[in-house]
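Below: the structure, in structure tokens.
For reference, positions follow the sequence shown, starting with 1. Worth knowing before you read on, the calculation uses all heavy atoms, side chains too, and leaves out hydrogens, waters and symmetry mates. From a predicted model like this one, the values you see are computed outputs, not experimental measurements.
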Amino acid sequence: MPNIISNLSEQIARIKAKFSQLKKKDRNFQIFGADHHKYKPNPVIKNETLAALEETYQVKLPAEYVLFLQQIGNGGAGPFYGLDSLQKSFYEGLDFTNEDSKTNFALPFPYKEA
């Protein structure tokens with residue numbers, strides 16, 4: 001396990017460095033979506049928030065993703081318009097975030113075909 005944590009720590013450091021490099025190379029935010037996120041991750045997620053979401057939605061998130069959320073950010077900078085927050089991922093359609101469109105991850109995966 002210590003080797004995995006070490007590798008993840010190295011990956012986290014590389015990701016953070018890449019945000020900085022991208023911001024320097026694309027100062028005017030010419031790459032598609034960069035003017036939206038400006039290469040800034042959202043604030044990190046708090047342990048209490050994460051625990052509450054896992055309990056509410058009856059899920060256990062992968063350790064690698066938790067580390068990303070806790071050390072890099074909860075969405076923000078990423079491909080195109082950026083990454084959505086964990087909270088937004090609990091909705092069926094990312095454009096429809098009302099209480100009726102929440103996904104129940106405790107149910108079997110509903111899609112079998114493309």
Checklist entry - So, His36 side chain and Gly82 main chain: donor-acceptor pair closer than 3.5 Å or not? => result no
Next on the checklist: The criterion is side chain to side chain donor-acceptor pair (under 3.5 Å); which residues satisfy it with Gln71, sequence neighbours excluded?
Outcome noted: none
Item to check | Lys38 (side chain) donor-acceptor with Asp35 (main chain) under 3.5 angstrom | outcome: yes
Checklist entry - So which heavy atom on Gly73 is nearest to which on Pro41, and how close? => result CA-CB, 4.2 Å
Item to check | Partner set under side chain to side chain donor-acceptor pair (under 3.5 Å) for Asn47, not counting sequence neighbours | outcome: Gln70
Next on the checklist: The criterion is side-chain contact (heavy atoms from CB on, under 4.5 Å); which residues satisfy it with Leu83, sequence neighbours excluded?
Outcome noted: Phe68, Pro79
Item to check | Test side chain to side chain donor-acceptor pair (under 3.5 Å) applied to Asn74 - qualifying residues, sequence neighbours left out | outcome: Gln87
Item to check | Members sharing Tyr81's hydrophobic cluster (side chains within less than 4.5 Å) | outcome: Phe32, Phe80
Checklist entry - When rounded to the nearest 0.5 angstrom, what distance separates CG in Leu67 from CG in Leu8? => result 5.5 Å
Checklist entry - Can Ile45 and Leu53 be said to form a side-chain contact (heavy atoms from CB on, under 4.5 Å), step by step? => result CA-CA 11 Å; Ile45 196 165; Leu53 288 167; 4.1 Å; yes
Item to check | Glu48 side chain vs Lys46 backbone, donor-acceptor pair below 3.5 Å | outcome: no
Checklist entry - Can you name the residues that form a side-chain contact (heavy atoms from CB on, under 4.5 Å) with Lys40, not counting sequence neighbours? => result Lys23
Item to check | Reported CD-to-CZ distance for the pair Gln21 and Arg14, which is rounded to 0.5 angstrom | outcome: 11.5 Å
Checklist outcome for this item: d(Tyr65 OH, Ser89 OG) to nearest 0.5 Å is 5.0 Å
Checklist entry - Under a 4.5 Å side-chain heavy-atom rule over Ile, Leu, Val, Met, Phe, Trp and Tyr, are Leu22 and Phe29 clustered together? => result yes
Checklist entry - Are Val44 and Ile12 grouped together when hydrophobic residues (ILVMFWY) are joined by side-chain heavy atoms under 4.5 angstrom apart? => result no
